[in-house]
Amino acid sequence: MSKPTILQDIPKHFDPNSVEEKWYSFWEENGFFHSEPDERESYTVVIPPPNVTGVLHMGHMLNNTIQDVLVRRARMLGKNACWVPGTDHASIATEAKVVQKLRKEGITKADLTRDEFLDHAWEWTDEHGGIILQQLRKLGASCDWERTRFTLEDDLYEAVIDCFIELYDRGYIYRGKRMINWDPEAQTALSDEEVLHREVQSKLYYVRYKVKGEDDGITIATTRPETILADTAVCVHPDDERYQNLIGKTVIVPIVEREVPVIADEYVDPEYGTGCLKITPAHDENDYQIGQKHGLEIIDMLNADGTVSEAGQFYVGEDRFEARELIIKDLDKANQLVKVEEMTNKIGYSERTNAIIEPRLSLQWFCRMDELSKPALENVINDEIKFYPDKFKNSYRHWMENIRDWCISRQLWWGQRIPAWYYGDGKDDYVIAKTEEEAVEKARAKSGNNSLTKDDINQDEDVLDTWFSSWLWPMTVFDGFKDPDNEEINYYYPTNDLVTAPEIMFFWVARMIMSGYEFRGEKPFSNVYYTGIVRDKKRRKMSKSLGNSPDPIKLMEQYGADGVRVGMLFSSPAGNDLLFDEQLCEQGRNFANKIWNAFRFLSMNKQEDTEYSTELNIDKDNLVDRWMLSRLNETIEGVNKEMEAFRINEALRKIYSLIWDDFCDWYIELIKADEQGAKISTDRLSVALNFFEELMKLLHPFMPFITEEIWQHIRPRETDEAMIVAQWPEFEKAAVSEDDQGLFATIQRIISSVRNVRAEFNVSPNEEINLLIKAKHESMAKAFRQNEWIFRKLQSIAKFEAKADLKKPKTSASSVIEGTEVFVPLEGLIDLNKERERVEKEINRLEGFLKSVTGKLSNEGFVNNAPDEVVQRERDKQEDTETSLRKLKEILNTDLSD
RNA sequence: GGGUGGUUAGCUCAGCUGGUUCAGAGCACCUGCCUUACAAGCAGGGGGUCAUAGGUUCGAAUCCUAUACCACCCACCA
């Protein structure tokens, strides 16, 4: 694609904005994101479809970054990776937006016909829809855009209808008049899951009801005095001695002066309030149950919009909260308001409109959950479907075990219209049919009236809950619902990993599992990775209404998509909330820059017209090469393990450390040419370039843009040799050498200690020093001598000596590392007091350490019970420490004594 | 009312099967460096009774039990 870079014209700072778009188009145009079934193993992810008119927020960023990491790695592992993107029509959310927009134009929904409204909704969708998918490209999401689906497009619409009919035929779907959650703002029913309960400060009103024909009265306590208008009984506990005489009597409901009975039911808690409960069967779930049990009248005193209806008699047309104020005043005037107490109370709010939910008796469509939930519960509990983290299994189980029927009808227009057709006014005068023609036929058959025509039947006005379409998503995106045997679904389903927020575990995850087993007899995915919730520094959930969410697009412009990705991934293990801080992105950007400069360094050392080997052939005689290879393989193995356990942050950490700490801080420093201005030898640079390429491969899933950019610069590549499809590094066990790593680590420590000496005594890095090492054994000394060049490369050294037998020179700074003594003669530069302090400090540290080791070893229990290996390790530690201490003390007592 | 998780450096958090990756990372802080890849950097350094109290164990940040505080989820007590 592009020419390999040789010249030194690479900018000092990586500029993400200049490359991101280029590579994204390159990937997309060359079909790297696209998947078709083939002989390879499939790896499938379906995106949690964002709301079609939604805007990218930090939650999406986290979520999709993780998916992209998984997908890109799978692709590099040679799997046929398929990440299906798409959007959700988000019935209630979108409809609310359209209504709002129309309102601004002075149009109310009621002014429009269904079709007119839908035209507006589609217009809105076409205009604002899919922006979020564009934004995902900026992030680098490697979705198969050719497969983009929308839950309201024809095929998926049809699948939802088929699903409804199928479940109806199987006896799971029914129509019933039940208490549902009513959103007076959106004027629709909601499922239980769409109601959020929040604790609020409210008031408990004590109201006096007169007993008919007596001077006596009875006091009830209520938080909703306006519903007094619809009271049809007062209830006490059957055993409550205080009220025995009242049971069976009649009391008079204030204001409306309705005569209602005093009934007894064990539901009432005598301890609470006055022990008397007013019963309003139409406006409270429990009251409804009691009403059913005792055959009470049901008075519905509220309109759909939450205003008082004619049935309320008083305050008609007033909003329910307005009516509350009014009735309190009137009760007070009538001397029937006994007292008002402050209390905290849990109130249900609509997830979408934030309106206070009204329990309402209503005729709706429901889906039975008892059977559907069985395999869905079982297969999560037995880990057929794994949850990461698995703590969510508990809440899943709890929800599944207490699952109630799902109210699936919504009094909205934006969505899949319920395929029920009514031909009469009777409760059962309806048929379920896919088309009008079919409905006529069925209606004729069911009613026995063969003269029925299209004009005699009416389709249900309502649509289905959004989640009634999203729960089919893993099937419908592959047309698997329409055509259960098609090649696509058989190839891609079950999908592999699902990445989503725990918030929608019940809304979506649980239901996909249910529908998957019901319709395909198989799980929809194998693993569910729950992300954390992105919060701000004050722990508040990031939301549009709070305005505390940074604009992801701006963030990416500022730090680069790679930088933001790293920032998100770094501190977010599965299921842990992420307190978002821009500093994290800065860390990501800095990392990108570090990598960029490593690349820049290697490039600057390239020689023109020189071929660099494409194979990683290390110099086996070179400790540094062997060490780097060992570290590389150790990391490959570690990263594979972490990724398989979905510990993505840990995987990234390992790569980060390998690149920054090992490759940049040590390896690069050690391959630098000896003379300034000289270039690294071809062989050395070949090895370095190959190492670097391996690092880029490991990093690619996490930071796709910079890795592709560098990859394409390092060598000329054919299109099919792009980074995105490079083969994931293979772990070679034989390449891991504990000996090499151990020796190199010792050398690193010696060099660090020399650096420390320089820092302590203000010896500048350029100033030459002598370095004398007294090794524990001759073999060790030999190893140091063989690697003298390493010391010399990283330190300005005049004289270097490494022996097993060596006399400590006078006035030198000393350190002891694992029993190896390191001397730096500093005639005239050394401050003896300072040096004494330095040595004493080290002695103190080692003595503390020795104490704990010796303690362990003198404990018989430890020696007898711990594994030999562990005991031996402690013995080695003890010996080493003792040797080091002895030597340090010797130094202190001979050379540093006054 | 039930459930789940958290409490580790000034801040944000890692820390998997109990023992050499066990006390870590980044940021912040202190000291010295514009050392030719990188000051978005380099080198060195300070800083923690791993919430509290018990227990298990030869051995606990890690396992168990309580307690405290925090967070989240679920539930119809007016």
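Letters go in sequence order (proteins before strands), and every chain restarts at 1. Values reported hereafter were calculated over all heavy atoms of this structure, with side chains retained and with hydrogens, waters and symmetry mates removed.
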Determine the contact category for A/Val863: base if any of its heavy atoms lies under 4.0 Å from a base atom, sugar-phosphate if only primed atoms, P, OP1 or OP2 are that close, otherwise nothing.
nothing
Just how far, in rounded Å, is P of B/U31 from CZ of A/Arg755?
21 Å
Just name whichever nucleotide pairs with B/A14, Watson-Crick or G-U, keeping both distances under 3.5 Å, else none.
none
Protein-nucleotide distance (A/Asp577, atom CG; B/A14, atom C1'), rounded to Å:
16 Å
Measure from NZ or CZ of A/Lys393 to the centre of the six-membered ring of A/Phe387 and say whether it is under 6.0 Å with the direction within 45° of the ring axis.
no
What contact category does A/Pro867 fall into here, base, sugar-phosphate, or nothing, at under 4.0 angstrom with non-hydrogen atoms?
base
Does a nitrogen or oxygen in the side chain of A/Lys841 sit under 4.0 Å from OP1 or OP2 of B/G46?
yes
Contact class for A/Asp665 vs. all strands (heavy atom < 4.0 Å): base, sugar-phosphate, or nothing?
sugar-phosphate
Same-atom distance (P) from B/A25 to B/A66, integer angstrom:
35 Å
B/C63 pairs with which nucleotide, Watson-Crick or G-U wobble, both distances below 3.5 Å?
B/G55
Using atom CG of A/Asn766 as one end and atom P of B/A43 as the other, report the distance to the nearest whole Å.
16 Å
With a cut-off of less than 4.0 Å, is there a side-chain N or O of A/Lys594 near OP1 or OP2 of B/C42?
yes
Give one of base, sugar-phosphate or nothing for A/Phe392, where a contact means two heavy atoms less than 4.0 Å apart.
nothing
How many whole angstroms separate atom CD of A/Gln289 from atom P of B/C76?
11 Å
Distance-only donor-acceptor check, side chains A/Arg397 and A/Asn394, under 3.5 Å
no
Name the residue closer to the 5' end of RNA chain B, choosing between A/Cys664 and A/Asn865 according to the nucleotide with the nearest heavy atom.
A/Cys664
Base paired to B/A37 (Watson-Crick or G-U; both N/O distances under 3.5 angstrom):
none
Would you find a donor on one side and an acceptor on the other, under 3.5 Å apart, between the side chain of A/Arg589 and the backbone of A/Gly563?
no
Below the 4.0 Å mark, does B/A37 have OP1 or OP2 next to a side-chain nitrogen or oxygen of A/Ser603?
no
Within 90° of 0 counts as syn, otherwise anti: where does B/U21 fall?
syn
Residue-phosphate contact under 4.0 Å: A/Asn345 side-chain N/O, B/A78 OP1/OP2:
yes
Within less than 4.0 Å of OP1 or OP2 of B/G19, is there a side-chain N or O belonging to A/Lys856?
no
Under 3.5 Å, is there a donor-acceptor pair between the side chain of A/Ser796 and the main chain of A/Pro765?
yes
Return no unless some side-chain N or O of A/Arg404 is found under 4.0 Å from OP1 or OP2 of B/C76.
yes
Would A/Arg755 pass as a cation-pi partner of A/Trp666, given that its NZ or CZ must be under 6.0 Å from the six-membered ring centre and within 45 degrees of the axis?
yes
Just call it for A/Ser764: base, sugar-phosphate, or nothing, with non-hydrogen atoms closer than 4.0 Å on any strand.
nothing
Between B/A9 and B/G47, how far apart are the P atoms? Round to whole Å, please.
15 Å
When only distance counts, do a donor and an acceptor, one from the side chain of A/Asn859 and one from the base of B/C58, lie under 3.5 Å apart?
no
Looking at A/Tyr267, I'd like to know if the NZ or CZ of A/Lys293 sits under 6.0 Å from its six-membered ring centre while staying within 45 degrees of the ring's axis.
no
Roughly how far apart, to the nearest Å, are B/A68 and B/A53 at atom P?
15 Å
With a 3.5 angstrom cut-off on both distances, give the Watson-Crick or G-U wobble partner of B/U21, or none if there isn't one.
none
N/O (side chain, A/Asn576) to phosphate O (OP1/OP2, B/G5) under 4.0 Å
no
Presence of donor-acceptor pair under 3.5 Å, side chain of A/Arg647 and base of B/C16
yes
note: A/Glu669, atom CD; B/G41, atom P; distance rounded to Å ~ 15 Å
Nearest-angstrom distance, C1' atom, B/G59 to B/A23:
16 Å
B/G32 phosphate, OP1 or OP2: any side-chain N/O from A/Asn762 under 4.0 angstrom?
no
Describe the nucleic acid contact of A/His398 in one word from base, sugar-phosphate, nothing, applying a heavy-atom distance below 4.0 Å.
sugar-phosphate
According to a strict under-4.0 Å criterion, is A/Lys12 in side-chain N/O contact with OP1 or OP2 of B/C38?
yes
Would you call A/Asp287 and A/Lys278 a salt bridge, taking side-chain N to carboxylate O under 4.0 Å as the test?
no
Look at all strands and tell whether A/Asp269 reaches a base, only sugar-phosphate, or nothing, counting heavy atoms closer than 4.0 Å.
base
Can you tell me the pairing partner of B/A68 across any strand shown, Watson-Crick or G-U wobble, with both distances under 3.5 angstrom?
B/U7
Looking at A/Arg600 and A/His13, would you say the former's side chain and the latter's main chain have a donor-acceptor pair under 3.5 Å?
no
What distance, rounded to whole Å, do you find between the two C1' atoms, one in B/C42 and one in B/U49?
35 Å
Whole angstrom is fine here: how far is it from CG in A/Asn590 over to C1' in B/A37?
15 Å
Complementary nucleotide of B/G44, counting Watson-Crick and G-U pairs under 3.5 Å:
B/C30
On RNA chain B, check which nucleotide each of A/Glu650 and A/Arg224 is closest to and give me the residue with the more 5' one.
A/Glu650
Measuring to OP1 and OP2 of B/C42, would you say a side-chain N or O of A/Trp660 lies under 4.0 angstrom away?
yes
With sugar-phosphate meaning primed atoms plus P, OP1 and OP2, does A/Ile595 contact a base, only sugar-phosphate, or nothing at under 4.0 Å between heavy atoms?
nothing
Could you let me know what B/G1 is paired to, Watson-Crick or G-U wobble, both distances under 3.5 Å, or none if it's on its own?
B/C74
Looking for any heavy atom pair under 4.0 Å, which part of the strands does A/Glu285 touch: base, sugar-phosphate only, or nothing?
nothing
